[in-house]
Amino acid sequence: MMSSLDHYLTKPEPATPKPKALAKTQLEFKPETPNDMAQSYFVGAGYDGERRAVFLKLYDPETEKIRFWYDNTGHTPYCISKDSVESLQREKKIVNHPGFLRFETSRRYDALNAAEIPVTLIHAEDPLSIGGKEDSIREKTRAWEADIRYIENYIYDRHLEPGMIYSIGNGQLNASGQTSIPESAKEILPEDDAEYSRLMVRWLRLLESPVPNYRRVALDIEVFSPIETRVPDPETADYKVVAASFCGSDNARRVLLLRRPGVADGSSNQVQGLDVVYFDREYDLLAAIFETLMDYPFVFTFNGDDFDLRYLYHRALKPELGFLRDQVPIELGRDAASVKYGIHLDLYRFFFNRSVQVYAFGNKYREVTLDAIADSLLGEGKLETSASISNLSYNELASYCFRDSELVMELTLFDGEIVMKLINALSRISVLPMEDMSRQGVSGWIKSMMYKEHRERKYLIPRADEIKQAKGETETTAIIKGKKYKGGMVIEPVPGVHFSVAVLDFASLYPSIIKTWNLGYETILCSHLDCKTNKIPDTKHWVCTHKKAMESELVGSLRDIRIKWYKPLSKERTLSPDMASWYQVVQNALKVVLNASYGVFGSDRFALYCPPLAESTAAIGRYAISQTIDEAQKLGIEVFYGDTDSIFLGFPGQAKLDALIQWSKKALGMELEVDKTYRYVALSNRKKNYLGVHPDNRVDIKGLTGKKRHIPEFLKSTFVQLIEILGEVKTQTDFEEARMRILNLVTSTYAKLRNMDFTLDELAFSIVIGKSIASYTKTTPQHVKAARLLSRGKPTEQGSELSHYVDSNVDKREALPKDDLETEVGAGDLVRFVKVRGGKGVKPMSQAKIHEIDVEKYMEYFRSTFEQVLDAVGLDYEELTGAKKLTSFFSGA
DNA sequence: ATCTATGGCAAGCCGA
DNA sequence: TCGGCTTGCCAT
């Protein structure tokens with residue numbers, strides 16, 4: 001127990017810091033701006049308001065330092081008007097705007113109107129004069145390209161490539177990285193299309209360039225909090241920072257601790273390999289943190305944007321701490337925090353990205369918390385979490401605090417540093433500095449990639465309202481109510497067990513369609529009369545026959561390097577581990593971008609939103625798969641099932657498969673390939689539900705409840721046993737033996753359920769809460785019921801404990817101990833609950849007793865889960881188990 | 001905060 | 001109490 005709460009509240013430090021004590025951090029940050037510099041990586045960019053110039057952060061892998069380069073080309077922020085200079089000159093609101101600089105005449109290609117037009121660039125002294133304030137210039141006139149962040153604007157105009165190598169000579173910035181591509185890659189370039197070749201060469205150049213070693217540190221801080229489960233507000237920063245930890249790529253393992261009255265024990269300077277440094281004053285602790293932030297070129301946090309750096313900044317500026325603004329090496333944006341010297345990457349933001357979560361990491365983590373992510377990606381189950389770290393000794397606090405920064409560092413290290421590599425690859429593809437890329441969604445990446453290409457081609461970037469005006473809305477009717485247009489086609493499965501099945505699919509179906517059908521906002525529904533006969537199947541839309549669409553070429557070229565270069569290479573066995581992992585990462589990065597490249601056009605938040613384009617892509621997809629099915633049938637091949645881009649065929653011999661593949665290439669211009677073959681496939685009448693057994697007994701399960709992650713562990717493990725049995729089935733006759741083994745499995749599970757021979761843990765469902773608890777007004781799903789029970793009994797007062805520290809990387813969710821009655825639960829939380837008799841029918845696992853379990857409900861759930869599979873393999877659950885008899889036995893008992 | 005649509009399923013809601 | 005419809009989650 002702490003001796004005094006006062007110690008943690010804000011009040012003057014024991015002694016007012018003297019200027020001398022400030023020595024190291026007192027100085028204003030003076031970046032190094034060499035006039036000449038060898039090859040360095042362009043890793044970050046910013047805008048200096050005082051100098052009114054963009055600056056680049058360049059990382060030199062030799063010295064492991066960041067050097068700055070300030071723009072000296074005189075580039076200024078601007079937006080574009082279609083009006084003439086003369087008429088704009090009469091616009092007093094513009095010319096009298098305090099930030100107005102000058103007009104510049106230029107020309108742009110206006111793709112929506114298929115004409116090169118004269119435009120006027122309205123230059124301003126600073127980005128905010130263009131946009132971002134109520135009286136910015138873009139509010140005074142109809143402007144184009146006025147909502148592009150200035151740094152990005154600058155990068156596109158200067159043809160800069162984030163993540164690539166530059167040097168400085170005589171103060172000038174020069175691209176100095178790889179200019180050539182591998183000799184063997186030239187074979188995949190098209191001979192007859194220079195523009196397309198240019199794009200492929202660009203991607204190859206970007207993605208074949210090396211990634212340096214980045215010297216980096218992970219930071220985590222602990223802050224005192226009077227209420228255990230509440231994280232202090234980083235804006236007011238009312239409480240003391242009591243600890244900070246750094247884990248460096250250079251093996252630095254440092255913990256900084258604030259000495260507190262009443263904690264006397266364990267103050268050794270070595271705890272389990274950690275360097276522990278003690279501070280009597282919080283001021284000195286912060287100064288030491290800032291020194292480290294000025295030392296490392298890369299700083300990683302988990303939630304540092306919203307907490308750690310924000311807290312440190314505001315805390316330091318408190319009068320009682322007495323730092324001056326210039327002494328704090330942190331800069332805050334509205335939703336991001338950066339460090340003045342290096343690059344700050346908030347891994348929370350990166351892993352929160354749905355595309356990263358689903359495609360790059362295969363949906364391995366469900367909750368975006370440090371523990372959940374570390375748990376699933378780093379393999380081994382990490383240390384237990386506990387939100388409250390009150391009353392820890394110094395040693396314990398040190399280990400506890402260090403643990404999180406160590407996890408963050410490990411996330412950048414594991415598996416050959418794939419996270420670092422992925423961030424690099426995505427930054428290069430999206431033409432965004434790492435910091436910006438890692439904070440945006442996939443639509444932001446694709447937007448940036450396409451904006452850059454507009455600038456390269458001197459295209460005027462259209463306004464969203466213009467595209468909508470010109471191209472209109474969709475015309476097909478979606479299957480699902482509330483959706484904008486019809487999507488992929490799912491073939492009605494032929495129920496039963498089918499032996500020897502080949503599954504064919506179109507490689508990157510939608511990107512391939514965008515490529516081969518020349519789709520883009522410019523070409524869809526173009527204005528040429530003669531193109532109107534070039535119909536998109538199943539729609540009234542048509543597509544241009546005269547002009548190549550930029551999106552088609554961008555997406556197409558990305559798709560081609562993935563399919564033709566990276567896919568084969570990622571299977572190559574002779575590569576060094578480092579190269580192999582890089583190719584794997586690039587593959588994944590391309591997959592992420594390509595997967596979203598069609599969907600973004602159907603999203604009204606996307607800058608180039610064009611619903612007929614998305615609709616056409618899906619329509620062509622339906623056309624492709626139905627044509628292929630027709631052709632298969634003409635060739636006498638049985639078709640059992642198909643979903644969007646795949647078809648399940650009875651294996652007809654290699655010759656016929658080849659014939660079908662050839663046909664697809666010729667008739668559709670699409671690459672159809674054998675994805676896999678199954679010894680057998682079991683289909684029920686349900687779509688998106690099947691079980692397929694590979695020749696080597698591996699089993700694919702798709703869509704079946706037994707595999708879903710929210711179901712209780714006991715069901716999952718029983719299901720796995722069921723699958724093992726089915727995996728060993730080789731022929732129809734084997735099913736007889738399987739039948740007996742399945743029966744045994746079912747009856748023994750029943751018996752266990754009946755005897756309640758399971759732990760609560762094994763019986764818990766786990767479901768993520770999609771939105772805040774209060775917003776469930778229409779219905780109350782079971783997991784929400786359980787969550788509401790959890791928040792009950794929460795003490796209204798701060799309770800008896802006087803002191804707590806709150807783990808800093810915790811966003812609200814992570815702070816919550818799973819078994820704590822005082823818990824608040826919110827969106828994103830995983831709720832674990834069991835089904836019980838009486839009451840609400842559910843209880844959070846932490847509140848339930850094993851004897852309350854509603855056994856019947858579990859039996860029912862078990863039955864329906866198994867039935868899905870048994871259905872498919874033609875076994876009747878009731879007949880097999882005599883389920884009626886069993887349940888009646890149970891209910892009679 | 002910000003790719004799309006399709007589909008299965010359990011459970012909630014509500015009228016008869 | 002039943003059936004039809006909706007909601008929310010999980011998955012592809």
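Below, chains carry the letters A, B, ... as their sequence lines are ordered, and counting in each starts from 1.
Note on A:K778: every side-chain N or O is 4.0 Å or more away from OP1 and OP2 of C:dT6. Within the 4.0 Å cut-off from OP1 or OP2 of C:dG8, not a single side-chain nitrogen or oxygen of A:H783 is found. Contact between the side-chain N/O atoms of A:K707 and the OP1/OP2 oxygens of B:dG8 is not found at any separation under 4.0 Å. Dashed line: the shortest gap from a side-chain N or O of A:K708 to OP1 or OP2 of B:dG8 is not under 4.0 Å. Contact between the side-chain N/O atoms of A:S443 and the OP1/OP2 oxygens of B:dC3 is found at a separation under 4.0 Å. Side-chain nitrogen and oxygen atoms of A:R366 include none within less than 4.0 Å of the OP1 or OP2 phosphate oxygen of C:dC9. Dashed line: the shortest gap from a side-chain N or O of A:R686 to OP1 or OP2 of B:dC9 is under 4.0 Å. Note on A:T644: every side-chain N or O is 4.0 Å or more away from OP1 and OP2 of C:dT12. The phosphate of B:dA1 (OP1 or OP2) has no side-chain N or O of A:Y348 nearer than 4.0 angstrom. Taking side-chain N and O atoms only, A:K483 has a distance below 4.0 Å to OP1 or OP2 of B:dA5. The side chain of A:R605 places no N or O atom within less than 4.0 Å of a non-bridging phosphate oxygen (OP1 or OP2) of B:dC3. Between A:Q868 and B:dC9, a side-chain N or O to OP1/OP2 separation shorter than 4.0 Å is present.
Using a 4.0 Å heavy-atom distance criterion, A:F606 is classed as making no nucleic acid contact. Among the atoms of the strands shown, only primed sugar atoms or phosphate atoms (P, OP1, OP2) are found under 4.0 Å from some heavy atom of A:A478. Counting non-hydrogen atoms under 4.0 angstrom, A:F601 reaches nothing in the nucleic acid. At the heavy-atom level, A:V768 lies under 4.0 Å from the strands shown only through sugar-phosphate atoms. Using a 4.0 Å heavy-atom criterion, one finds that A:I479 contacts the sugar-phosphate atoms exclusively. Residue-level contact check: A:S864 touches the backbone only, with heavy atoms under 4.0 Å from sugar-phosphate atoms and none from bases. Contact annotation for A:G599: base contact, defined as any heavy-atom pair under 4.0 Å involving a base atom. A:K687 comes within 4.0 angstrom of sugar-phosphate atoms only, judged by non-hydrogen atoms across all strands, and of no base.
Residues satisfying the side-chain contact (heavy atoms from CB on, under 4.5 Å) test with A:S443, not counting sequence neighbours, are A:V600, A:F606.
The side-chain contact (heavy atoms from CB on, under 4.5 Å) test with A:Q357 singles out one residue from A:F350, A:F351, A:Y365, and that residue is A:Y365.
Nearest-nucleotide positions on DNA chain B for A:A596 and A:K481 put A:A596 closer to the 5' end. Between A:K702 and A:T779, the one whose closest nucleotide on DNA chain C sits nearer the 5' end is A:T779.
Of all nucleotides listed (C:dC10, B:dT6, B:dA5), C:dC10 comes nearest to the side chain of A:H710.
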